[in-house]
Amino acid sequence: MDVPSKLLPAVDASLSDARDPVLRTREIQGDVLVGLEKDVENFLFFRIADVPAFKSALRRDLISRVTTMEMVQLREVQIQAAKQVGHHERLHLSGLNIGFTHRGLEVLLGKGQADGMDPSFISGAAAAARDLGDPVDADGRPRWIAGFAHDEIHGVLLLTGPFGGEGHELDVIEKETRAILDLLGGSVQVVYQEIGRVRPQRGHEHFGFLDGVSQPGIRGLTARQNPANPDQGLPGQDLLWPGEFVFGYPGQSPDQAVEAPGPEPEMPHPWMCDGAFMVFRRLNQRVPEFHAFLETQGEALGLDPALLGARMVGRWQSGAPVMIAPLQDDPLVGEDPLRNNDFEFGGDAKQRRCPYAAHIRKTYPRDDLEGVVPNGEAGVQTHRIKRAGIPFGPEVQEDEAEDRATKRERGLMFVCYQTSITEQFEFVQKSWSNNTGFVFGKTRPNSTDPVTPGHDPIIGQTTDGSARTMDEPLPNYPTGNTRSTLNLPEPFIVPTAAGYFFMPSILALQTVLS
Ligand code: N7H
């Protein structure tokens with residue numbers, strides 16, 4: 001997300017912490033912790049057809065083109081400097097990152113040489129589909145684009161740009177893709193490729209909500225901008241140990257305070273150092289159906305459709321959190337990084353401001369488990385993800401809006417980084433978003449009856465075809481006591497492809513992998 005720089009205070013150097021680890025920014029790929037600058041992004045999924053030829057092309061031509069975290073950070077400085085002297089055009093900043101599936105690693109390293117890694121990574125995305133609630137056939141195969149459903153993929157190339165100027169990004173990215181494929185010669189077969197692109201409403205995903213607002217802060221990377229709390233980046237953004245997202249650094253500890261360094265995540269192979277797991281999910285969004293639902297259900301419940309949408313997500317389309325703006329949007333809060341993330345959920349014990357099942361409360365419950373389980377917030381911080389997705393597909397066309405029906409595929413190329421797919425992405429999807437009982441330990445006003453919050457109405461899925469519901473779409477803010485249930489007869493998001501990748505360090509690419 002572009003943060004309006006006028007809204008950010010100068011960073012106070014006295015807020016640094018001597019314990020912060022020094023990140024090896026020349027080793028870590030650029031998309032992992034910071035994120036490649038993206039107006040467009042081509043996701044190129046490939047199979048390695050000729051191993052020696054692939055390795056030699058990788059060594060000779062590709063590794064030097066991989067965009068590191070250091071390069072992304074330098075570019076950010078460049079962008080700020082250009083803005084300060086009045087250049088507001090998009091700079092040409094093409095990016096390249098590369099990752100491998102477990103099968104891909106075995107092709108490069110030899111059978112058994114990538115054993116002991118995260119079990120979900122080893123078994124792959126297709127094997128997890130049924131458990132995550134993705135639509136599957138009778139034989140358990142996900143109903144995805146063929147190459148993904150049949151686990152044919154060995155690796156992914158992420159090609160990104162702004163390419164300077166507007167309007168010709170697609171031509172340039174196609175040209176850059178051809179150039180990379182030329183370098184790889186016949187050593188790979190493309191299984192699938194697709195270009196994601198920011199929407200004309202910049203920063204907003206297809207349902208219309210501002211995305212990329214809340215990301216975990218990372219010690220050693222994120223500047224401390226909250227004088228009131230030296231363990232936060234922006235106000236409300238807790239700083240986490242980088243081992244949650246990249247191997248070779250301390251991570252979080254579920255048993256100690258959030259601020260305390262935990263153990264480094266287990267790394268069965270030294271070449272995993274400075275690498276990270278990437279989860280890719282191609283999620284179709286049924287946009288006209290989503291908006292039609294907000295209107296009809298809003299009317300049925302006597303709720304403004306925008307408020308119903310905000311209660312389902314936990315934020316208004318502007319990005320303003322319902323915890324801060326419970327009844328009416330506040331776009332000034334939405335666009336202000338000093339305020340749009342500065343909240344917790346614990347004080348909202350009766351979901352008057354934000355439903356327990358709202359997308360952002362399910363996927364990052366903040367302090368919601370304090371007092372419910374021992375060390376509740378520290379535990380939550382061991383299940384965070386660093387998101388880096390981009391929308392795909394065209395804007396909703398007139399015929400679709402008129403008929404309130406999707407006729408062209410669109411959605412989100414969801415990407416997130418972590419050091420445990422099992423404990424981070426899959427945990428969030430399965431144990432939180434899909435789990436009707438989560439967040440647990442809550443009661444209703446004037447009652448000790450436990451609440452079943454229901455599904456995350458955005459991404460929650462069922463594994464048995466049962467109906468989805470969300471508790472309390474009606475805000476009882478400030479003091480009401482009306483019971484309501486939102487029935488969610490059809491999904492608004494349909495997974496159509498997925499893959500689990502390992503994004504190695506530059507050193508691993510230069511040595512064992514090539
Ligand atoms: Fe979600 N949406 O537009 O409704 N997401 N998400 N997400 N999401 C977030 O804080 C959305 C998906 C998370 O730190 C916002 O950036 C859509 C998956 C997490 O407070 C919005 C799709 C998973 C957060 C959306 C989708 C997550 C988050 C608020 C699919 C993981 C941060 C803006 C098409 C399993 C929570 C923001 C926090 C925020 C939407 C997918 C997780 C608007 C449309 C698959 C951790």
Side-chain angles (χ1 to χ4, degrees), residues 1 3 35 120 125 128 132-134 196 199 201 203-217 232-234 236-238 240 244-245 279-287 290-291 294 308-324 334-335 337 340-345 354 357-368 380-381 383-393 409-418 421 423-435 438 455-461 491-498:
M1 185 189 67
V3 175
S120 300
L132 293 178
D134 288 13
R199 295 191 46 234
Q201 191 188 13
H204 293 247
E205 52 67 60
H206 276 292
F207 292 147
F209 294 88
L210 185 63
D211 206 355
V213 181
S214 171
Q215 293 277 21
Q232 293 191 338
L234 289 161
Q237 185 188 34
D238 292 343
L240 304 187
E244 290 301 305
F245 309 103
V279 168
F280 164 78
R281 277 168 80 74
R282 183 179 188 274
L283 300 171
N284 282 23
Q285 287 177 254
R286 303 174 65 237
V287 181
F290 178 74
H291 290 301
L294 294 186
L308 177 58
R311 300 257 316 157
M312 289 164 69
V313 172
R315 289 185 185 270
W316 296 85
Q317 294 205 353
S318 71
V322 290
M323 285 301 297
I324 296 175
E335 71 163 19
N340 63 16
N341 212 17
D342 195 11
F343 60 91
E344 298 282 352
F345 291 118
C354 183
H359 177 59
I360 67 161
R361 194 162 182 169
K362 280 275 196 183
T363 54
Y364 176 32
R366 300 182 186 225
D367 65 342
D368 238 358
V380 164
Q381 300 295 6
H383 304 294
R384 303 290 305 281
I385 50 176
K386 174 83 179 60
R387 292 171 298 137
I390 190 167
F392 72 91
E409 284 197 5
R410 63 180 61 78
L412 184 68
M413 299 292 218
F414 174 85
V415 169
C416 73
Y417 294 99
Q418 59 253 284
I421 296 174
E423 288 300 324
Q424 292 169 274
F425 163 70
E426 285 190 355
F427 189 93
V428 171
Q429 179 75 54
K430 265 197 295 203
S431 303
W432 290 351
S433 287
N434 294 359
N435 178 359
F438 188 80
H455 299 92
D456 172 337
I458 303 298
I459 63 161
Q461 305 193 123
F492 305 114
I493 284 171
V494 181
T496 43

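Side chains included, hydrogens not; waters and symmetry mates left out as well; all remaining heavy atoms used. We count ligands from 1, going down the list as the structure has it; atoms in each ligand are counted the same way.
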>> For the residue pair Arg366 and Phe343, would you count it as a cation-pi contact if the rule is NZ or CZ under 6.0 angstrom from the ring centre and within 45 degrees of the ring axis?
In response: yes

> Does Thr363 have any side chain to side chain contact (heavy atoms under 4.5 Å, CB included) partners at least two apart in sequence or in another chain, and if so, which?
Replying inline: His359, Val428, Ser433, Asp456, Ile459

> Looking only at heavy atoms, what is the nearest atom pair of Leu240 and Pro216, with distance?
Replying inline: CD1-CB, 3.9 Å

> Under a strict 4.0 Å criterion on non-hydrogen atoms, which protein residues are in contact with ligand 1?
Replying inline: Glu205, Phe207, Phe209, Leu210, Asp211, Gly212, Val213, Ser214, Leu283, Gln285, Val313, Arg315, His359, Ile360, Thr363, Tyr364, Arg366, Ile385, Arg387, Leu412, Phe414, Phe425, Val428, Gln429, Ile458, Ile459, Ile493

>> So, using salt bridge (charged side-chain N to carboxylate O under 4.0 Å, His left out) as the criterion, who are the partners of Arg410 when residues are at least two apart?
In response: Glu400

> Can you name the residues that form a ring pair (Phe, Tyr, Trp, His ring centres under 6.0 Å) with His291, not counting sequence neighbours?
Replying inline: none

> Just checking, Arg387 and Phe414: is the charged tip under 6.0 Å from the six-membered ring centre and within 45° of the axis?
Replying inline: no

